[in-house]
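Structure, as structure tokens:
Nothing fancy with the numbering, it's 1 onward along the sequence. Model, not experiment: these values are computed from the prediction.
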Amino acid sequence: MALCGGVGAMALPSELIVHIFSFLSDRDKLRASAVCSRWRECLFYPALWTELKLRIGGGGCSSSDETPKLEFLMRKFGSFVRELQLELAPVEGNLGHLNSDPSSARMDQPPGPDSDPQHTERWRNAVATYLDQVLCVFTSIRNNRNLQKLSLYGDTYILQQEGQLDGSHLHLIHQGDKKINEIQQLFMEVLSNSRQLRWLSCSFMLGLVTPCSLSCLSNPSAETLQHLSLLDHQLGPLISPSELDRLSNLRSLALDFTDFTSELCALLTSPRQTPLHRLSLLLNGATLEFKSLEGTATEDDWKALVRVSTNLRVYIMALEVDSSELLRVLKPSLPLERLHLDSYSMLVTDATLELISQQYNKTLTHFLLLRDSPDFPDLSVNRNEDPLVLLAWRCTQLAVLVIHGYTVWSHNLVAISRLRGSSLRVLTVSEESIDFDPDQPVYVEGDPVHNLVKEVSLGLGRVWQPCLDSSVVLSEPTQHFHHELHAFSMGM
């Protein structure tokens, strides 16, 4: 029905305009706000901004250029937003290409006193911008009593050296120490003023969480909190047994593996606690020199926890961990659903894969085996008994398999696709990892690559191609863990 002359969108009641705008993305809302003052008034109605997802930094522009946008959004919505997801990444490329050692391309270090002055200045600006942006966020939400979900990720490797925060570099930043202290106080105020927090996730935020932070969580939020994620590269644990004991309704937890002690595990079996559904653990080999595996959950601890939390599923990422440490970590009673093994130089042995396929044959659904190195070792001593094929055969729930950095023989890849068929929803193997055996039919009958694609596609029941770009597979590991644990925990 056509509108009468002179009557258009501007004549609609504000309630209807707000409802129409509720279907727009955050970016489109902001664009629409520039049309006219009436639209701007409607678009900044609080009901349209209960959820805010922001990523600052990365891409091709400067993080400092985005600070005014962040300040505007937080000033407008920080006091009432209910779900805030924020990723803060210092300027992409500032430090990522300063180190000429390819083995450390994903774990760059801060510049030392003898660094190029230009590089040092860029580093200083990146960290200063990062601190200002974190201050902006927490200043805006410090009194927000309606906050229900707070998810934070900070790409703060810039101040990490050998697995620990190196505070000696903060003197290079104007008021760096003062700003860190202010950020910590503001974060504790947010926790203290919260009244209905259900989700609290903080991953690798420079100096944000201290061992005292969680003690400031209000009693109402301690009762409503269902997901807690505290990940950092600090030496000490970020949660104490007494603080965990307050969180009686916790259903999902993410910690550094070395912080998941026998004492914490025992607390989760308490009759006062809601059964745990999801547990995500990050085992970083770089920190094992400073944080021992002694005192972590034992086989008996896992048995007791599983008896109480019968639906518990565990996600582990092991970053640069050798097989001997993995064998200490992978307890038989651990209900492992997702396992991500990522390294630069460490090798996963066929014996480790054999153990994984035997112990977790009923629970394992996701397996990622990644190695960022120019050589591609062969895991199969006997090509007819490839450990990856045995894993696909034994692990009947396997739905996601991602491989890069190890040789995968083409005929074994065909076998994996046939064993799991359409139930293997994701099969990602980099082209560099695939090799061909001249004695196998896939090689001798025509073009081997064409035949491989055809056979794997038939096995999976869908069109399949090898991954041509290894950078798609090799994402930044800690960021990948942060994103995946969120998806994993939401699944509870």
Side-chain angles (χ1 to χ4, degrees), residues 103 257 283 285 288 293 299 314-334 336-420 424 426-440 442-443 452 456 459 466-467 470 473-474 477:
S103 66
F257 194 99
L283 179 61
L288 291 181
L293 289 173
E299 171 66 5
V314 178
Y315 167 34
I316 292 179
M317 171 183 273
L319 178 59
E320 202 64 26
V321 179
D322 64 34
S323 288
S324 64
E325 299 290 359
L326 283 174
L327 295 177
R328 294 180 58 192
V329 164
L330 299 176
K331 309 294 186 183
S333 297
L334 191 159
L336 188 64
E337 182 175 291
R338 303 187 183 195
L339 179 60
H340 181 164
L341 306 180
D342 201 320
S343 70
Y344 312 106
S345 57
M346 296 296 182
L347 281 173
V348 175
T349 64
D350 57 332
T352 303
L353 291 182
E354 177 76 9
L355 177 75
I356 293 168
S357 65
Q358 289 184 346
Q359 288 187 172
Y360 310 115
N361 60 308
K362 295 181 180 179
T363 59
L364 191 68
T365 64
H366 292 58
F367 184 61
L368 288 77
L369 181 62
L370 305 176
R371 187 167 179 268
D372 189 5
S373 179
D375 62 309
F376 289 74
D378 185 1
L379 287 167
S380 57
V381 178
N382 182 342
R383 294 181 192 174
N384 293 320
E385 296 180 1
D386 183 273
L388 290 170
V389 175
L390 292 175
L391 184 137
W393 172 53
R394 289 172 177 151
C395 298
T396 56
Q397 304 301 313
L398 191 67
V400 174
L401 180 61
V402 180
I403 304 167
H404 172 76
Y406 293 87
T407 294
V408 182
W409 294 95
S410 57
H411 58 281
N412 289 328
L413 192 54
V414 173
I416 290 171
S417 69
R418 291 174 178 174
L419 283 167
R420 293 272 55 88
L424 190 60
V426 175
L427 175 60
T428 303
V429 183
S430 64
E431 185 182 41
E432 302 163 85
S433 300
I434 301 172
D435 207 346
F436 296 86
D437 186 343
D439 296 331
Q440 294 294 326
V442 172
Y443 184 87
L452 174 65
V456 174
C467 182
S470 60
V473 184
L474 293 169

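Side-chain N/O atoms of E320 and S345 include a donor and acceptor closer than 3.5 Å.
Within the 4.5 Å cutoff, side-chain heavy atoms of I403 are placed close to those of L388. Side-chain atoms of L283 and L288, non-hydrogen and from C-beta on, do get closer than 4.5 Å to each other.
Note that the CE atom of M346 and the CZ atom of R371 stand 10.0 Å from one another [nearest 0.5 Å]. Atoms CG and CG, on L369 and L401 in that order, are 8.5 Å from each other to the nearest 0.5 Å. Taken from CZ in R328 to CG in L293, the straight-line distance is 4.5 Å, to the nearest 0.5 Å. In this structure, the separation between CG on L452 and OG on S417 is 8.5 Å, given to the nearest 0.5 Å. Taking CG of N412 as the start and OG of S380 as the end, the distance is 6.0 Å to the nearest 0.5 Å. In this structure, CG in L341 is found 10.5 Å from CG in L319, a value given to the nearest 0.5 Å.
Among all heavy-atom pairs drawn from C467 and T428, the shortest one is CB-CG2, 4.0 Å. Annotation for F376 and Y406: closest pair CD2-N, 3.7 Å, computed over non-hydrogen atoms. Here the closest heavy-atom approach between residue L326 and residue A318 is recorded as CD2-CB, 3.7 Å. The nearest pair of heavy atoms linking L379 to L353 is CD1-CD1, 3.4 Å. Pairing each heavy atom of K362 with each of Q397, the nearest pair is O-CG, 3.5 Å. Nearest heavy atoms, S433 versus G405: OG-N, 3.1 Å.
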Check against side-chain contact (heavy atoms from CB on, under 4.5 Å), T352 and D350: CA-CA 5 Å; T352 303; D350 57 332; over 6 Å; no

Residues S470, S430; criterion side-chain hydrogen bond (donor to acceptor under 3.5 Å, both in side chains); working and verdict: CA-CA 6 Å; S470 60; S430 64; over 6 Å; no

Step-by-step side-chain contact (heavy atoms from CB on, under 4.5 Å) determination, V321 to V329: CA-CA 10 Å; V321 179; V329 164; over 6 Å; no

Test log, rule side-chain contact (heavy atoms from CB on, under 4.5 Å), inputs I316 and L334: CA-CA 11 Å; I316 292 179; L334 191 159; 4.0 Å; yes

H366 vs Y315, side-chain contact (heavy atoms from CB on, under 4.5 Å): CA-CA, chis, key distance, verdict: CA-CA 9 Å; H366 292 58; Y315 167 34; over 6 Å; no

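Residue pairs meeting the salt bridge (charged side-chain N to carboxylate O under 4.0 Å, His left out) criterion with at least one member in residues 397-417: none, sequence neighbours excluded.
Here L390 pairs with E354, W393, R394 under the side-chain contact (heavy atoms from CB on, under 4.5 Å) rule; sequence neighbours left out. Remark: T365 pairs with no residue by the side-chain hydrogen bond (donor to acceptor under 3.5 Å, both in side chains) rule, at least two apart or across chains.
Checked against a 6.0 Å centroid threshold, the rings of H340 and F367 do not count as neighbours.
Tested against Q359 for a side chain to side chain contact (heavy atoms under 4.5 Å, CB included), the candidates I356, L355, N361 yield a single pass: L355.
In terms of modelled atom types and a separation under 3.5 Å, the side chain of E299 and the main chain of S333 share a donor-acceptor contact.
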